[in-house]
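In this chain, residues are counted from 1 in sequence order.
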Amino acid sequence: MNLLALAGGVGGAKLAHGLAQILPPENLTVIVNTGDDFEHLGLRISPDLDTVCYTLAGLANPDTGWGRADETWNAMANLKRLGAPDWFNLGDRDLATHLERTRRLNAGQTLSQVTRDFCAAWGVKHTVLPMSDDPVRTMVDTDEGELPFQEYFVHRHCEPRVKSFRFEGLSTASPAAGVREAVESADAIIICPSNPWVSIDPILAVLHLSSFISRLSVIAVSPIIAGKTVKGPAAKMFAELGIEPSALAVADHYENLLTGIVVDSLDSELAKQIRIPTLVTNTIMQTVEDRARLAHETLQFIGSLP
Ligand code: GDP
């Protein structure tokens with residue numbers, strides 16, 4: 001079975017890693033959100049791509065889920081001393097990624113080429129693709145005006161109230177090299193437990209999956225557990241947009257796309273209200289084994305669907 005996983009950052013990376021522990025490289029492609037990408041200190045930064053690649057490579061910081069393990073912060077401390085903006089933390093090891101990515105992009109390589117080369121260097125065997133080689137930038141409209149995503153997410157700690165989202169550049173963005181082929185050869189798509197609004201919606205908007213879904217199973221794993229997120233602002237976003245955050249709201253969000261959904265055992269009562277096939281299981285991935293177990297159960301669930 002050829003599987004496509006759609007992922008944002010930390011939540012998506014964990015399930016993608018679980019799938020990568022089970023599926024051979026030729027059977028798994030991970031398509032990653034680039035709406036969070038931005039330019040900072042003159043560097044081209046792709047936070048979700050890096051989180052997924054570092055996680056698959058075993059290089060990710062196990063405590064934060066983002067950034068590198070065994071990181072040091074000498075460059076950041078010295079940048080701060082020189083008066084550079086310090087609201088976005090970039091560790092020394094991580095900086096090497098951004099420096100080299102920026103050099104290559106400025107020399108004319110595409111983001112998918114750079115990602116392929118970096119994955120080879122890090123020993124990532126499965127295919128990781130950015131959703132697009134063209135810039136798409138998530139803009140968050142808030143009660144304090146429109147903010148670029150990282151300004152809202154990191155600089156303002158998600159404090160402004162969300163009113164809507166806009167994906168700048170979307171109308172002219174094409175799927176990255178290899179993405180269309182990966183969709184065409186996929187038997188099933190797993191929407192990882194990533195933020196539906198700002199991690200998955202931009203990917204879905206670039207992919208235009210509607211013409212494929214008649215022959216594909218599409219399964220989402222809910223990032224909302226008992227009305228809350230494990231981490232990040234997804235539940236706050238649902239609430240501020242007037243929707244009660246829940247696994248049911250996630251199912252409704254992806255409405256016409258889904259063949260089935262995986263929700264947490266804490267939502268077993270709520271699951272009875274979901275009108276599509278639903279797997280109820282423990283979806284909290286605390287360990288590497290949890291990732292593989294959830295991936296395995298999700299694959300079995302897909303296999304059981306008509
Ligand atoms: P970000 O771009 O780093 O914020 O990461 P994502 O969009 O991939 O992930 C954020 C979402 O992942 C949040 O809504 C979390 O609730 C969800 N998440 C993180 N870890 C887990 C987990 O172990 N299980 C589940 N079900 N969701 C998770």
- prompt: Looking at CD1 of I189 and CD1 of I203, how far apart are the two atoms once the value is rounded to the nearest 0.5 Å?
  reply: 10.5 Å
- prompt: Backbone N or O of G67 within a donor-acceptor pair of the D94 side chain at under 3.5 Å?
  reply: no
- line: Nearest heavy-atom contact between G9 and T51 is C-CG2, 3.6 Å
Main-chain N/O of L49 paired with S46 side-chain donor or acceptor, under 3.5 Å: no
query: Just by distance, with hydrogens left out, do Y54 and T97 show a side-chain donor and acceptor under 3.5 Å apart?
result: yes
field: Beyond-backbone contact of M131 with P175, side-chain heavy atoms, under 4.5 angstrom
entry: no
message: Do the side chains of R180 and E184 get close enough for a salt bridge, i.e. N-O under 4.0 angstrom?
response: no
- request: Considering non-hydrogen atoms only, spot the tightest contact between A235 and T229 and give its length.
  value: N-CG2, 3.4 Å
message: Given 3.5 Å as the limit, does a donor-acceptor pair link the side chain of T259 with the main chain of V218, or not?
response: yes
task: Considering non-hydrogen atoms only, spot the tightest contact between D290 and I284 and give its length.
output: OD2-O, 3.6 Å
field: Salt bridge present between D143 and R161 (N-O < 4.0 angstrom)
entry: no
message: Just by distance, no angles: are the side chains of T34 and D37 close enough, under 3.5 Å, to form a donor-acceptor pair?
response: no
statement: Residues pairing under side-chain hydrogen bond (donor to acceptor under 3.5 Å, both in side chains) where one sits in residues 191-203, two or more places apart or in two chains, turn out to be D201-H253
- prompt: Passes salt bridge (Lys or Arg N to Asp or Glu O under 4.0 Å), E146 versus K163? Steps please.
  reply: CA-CA 9 Å; E146 193 174 63; K163 297 204 288 195; over 6 Å; no
message: Between R215 and D187, is the salt bridge (Lys or Arg N to Asp or Glu O under 4.0 Å) condition met? List the steps.
response: CA-CA 8 Å; R215 66 160 192 88; D187 301 301; 5.4 Å; no
- prompt: If every non-hydrogen atom of A177 is compared with every non-hydrogen atom of D133, which pair is closest and at what distance?
  reply: N-OD2, 3.5 Å
- prompt: Do N27 side-chain atoms and L23 backbone N/O form a donor-acceptor pair below 3.5 Å?
  reply: no
task: Count the heavy atoms of every other residue, nucleotide or ligand shown that sit under 6.0 Å from CZ of R166, and state whether that count exceeds 12.
output: yes
task: For the pair S265 (side chain) and T281 (backbone), establish whether a donor and an acceptor sit closer than 3.5 Å, ignoring hydrogens and angles.
output: yes
field: Donor-acceptor contact below 3.5 Å, side chain T278 vs main chain I276
entry: yes
- prompt: Are the ring centres of F165 and F149 closer than 6.0 Å?
  reply: no
Test item: L258 and I219 side chains (from C-beta on) under 4.5 Å apart, heavy atoms: no
field: W87 and H157 aromatic centres sub-6.0 Å
entry: no
field: Q286 atom CD, over 12 foreign heavy atoms within 6.0 Å
entry: no
query: Run the salt bridge (Lys or Arg N to Asp or Glu O under 4.0 Å) check on R68 and E71 step by step: do they pass?
result: CA-CA 6 Å; R68 294 283 297 264; E71 190 56 285; 5.8 Å; no
- prompt: Is a side-chain N or O of S246 found less than 3.5 angstrom from the main chain of L248, in a donor-acceptor match?
  reply: yes
query: Is it true that atom CD of E244 has more than 12 heavy atoms of other residues, nucleotides or ligands lying nearer than 6.0 Å?
result: no
message: salt bridge (Lys or Arg N to Asp or Glu O under 4.0 Å) for R293 and E297? Distances and angles first, verdict last.
response: CA-CA 6 Å; R293 181 198 40 78; E297 289 181 19; 3.3 Å; yes
query: Any sub-3.5 Å donor-acceptor pair from D134's side-chain atoms to S174's backbone N or O?
result: yes
- prompt: Has the side chain of R137 got a donor or acceptor atom that lies under 3.5 Å from a matching backbone atom of F167?
  reply: no
query: Judged by atom type as modelled, is there a donor-acceptor pair below 3.5 Å linking the side chain of R101 to the main-chain atoms of R44?
result: yes
- prompt: Could you give the distance from CG (L95) to CD1 (I45), rounded to the nearest 0.5 Å?
  reply: 7.5 Å
